[in-house]
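Reviewing the structure listed below.
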Amino acid sequence: MHSELSSTTQTRRILRMKLLPTLLAGAALVLSAVTAQAEVRFGVMNESYPPFFAKDASGQWQGWEIDLMNAVCEEMKEKCSIVEISWDGLIPALQSKKFDVIWSSMSNTAERSKVIDFTDKYYNTPSTLIGPKDQKPGATAEDVKGKTIGIQVSTIQSEYYKKYFAAAAEEKTYQTLDEAFQDLASGRIDYVFGDSLALDAFLKSDGGKDCCAKMGDVADDKEILGAGVSGGLRKEDTELKAKLNTAIAAVRASGQYDAINKKYFDFDIYGAK
């Protein structure tokens, strides 16, 4: 009897030894899957949008929004990466899971909220018209009557144009603001309509400081212009949304937000609370 027990025990030990590599390999696969899931992929427009995001001479992304992304990822203790997508392809690419969060100066609007969800806002700025220096300032339908306005496609400014300016002025759409700036500087259009900070960056550039000036901020319309810029998410990604909101709040509370803000701006870009 003692001999049979010893034999059985020995057999079990041999089986365990044989199974151990398989078990370890399985554990490694599980750990690898968990690690892979921990990466958060941020979708960014594949065109420069200074001072928010642009590539440096080495091809690395930099700018205010990139610095904030890095601070948020550090707070979440997550590995993060950037996926480049055209502006009008950002929402479709998010929905098809090419990345996890839109982080590309996208305003949280009622229309967009029908198809995607948003984090808490991380900045808010007005929408502005710029034009030639010799043009009379003004940002109403009467001011732009008979003129041509350059606007980037699929933006809140394009929606605003349809409601407030379409009866008075012509719209010319562009894939990027840089293309609109070139046409404005060369006199092919009368205005460019966009986010005030992006337009201000052009006015301070070599291509904009001699030709053009700010015409004025348009009247606010929260239904169209939104409640501020936020991260865009798939509606089902509630856990990621909660983590991002917690991280954004922590970055603001710790003073990191203010430090990043001061690198790029001489005012608080967060906007009204």
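One-based numbering along the sequence shown. Owing to the predicted nature of the structure, the values given are computational and were not obtained by experimental measurement.
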With respect to E84, which candidate in K55, R41, K98 satisfies the salt bridge (Lys or Arg N to Asp or Glu O under 4.0 Å) definition? K55
Give a yes or no on this: more than 12 heavy atoms of other residues, nucleotides or ligands lie within 6.0 Å of atom CD of Q62. yes
Salt bridge (charged side-chain N to carboxylate O under 4.0 Å, His left out) pairs, two or more places apart, involving residues 196-216: D200-K204, D206-K209, K214-D217
Is the CD atom of E223 crowded by more than 12 outside heavy atoms at less than 6.0 Å? no
If the plane angle is over 60° it's perpendicular, under 30° parallel, otherwise tilted; pick one for F165 and Y160. perpendicular
Are the aromatic ring centres of Y49 and W87 under 6.0 angstrom apart? no
Counting N and O atoms only, with roles assigned by atom type, does the side chain of K121 sit under 3.5 Å from a partner on the main chain of Y270, one being a donor and the other an acceptor? yes
Looking at K262, I'd like to know if its NZ atom is crowded, meaning that more than 12 non-hydrogen atoms belonging to other residues, nucleotides or ligands lie closer than 6.0 Å. no
Step by step, work out the side-chain hydrogen bond (donor to acceptor under 3.5 Å, both in side chains) result for E65 and S105. CA-CA 8 Å; E65 216 157 350; S105 288; 2.7 Å; yes
Using distance alone, with no hydrogens and no angle criterion, decide if Q60 and S58 have a side-chain donor and acceptor under 3.5 Å apart. no
K133 atom NZ, over 12 foreign heavy atoms within 6.0 Å: yes
Parallel, tilted or perpendicular: which fits the ring planes of W64 and Y257, with parallel below 30° and perpendicular above 60°? perpendicular
Can you name the ring pair (Phe, Tyr, Trp, His ring centres under 6.0 Å) partners of F99, sequence neighbours left out? none
Ring pair (Phe, Tyr, Trp, His ring centres under 6.0 Å) involving Y122 - partner list, sequence neighbours excluded: W103
Side chain of E171, backbone of I151: donor and acceptor closer than 3.5 Å? no
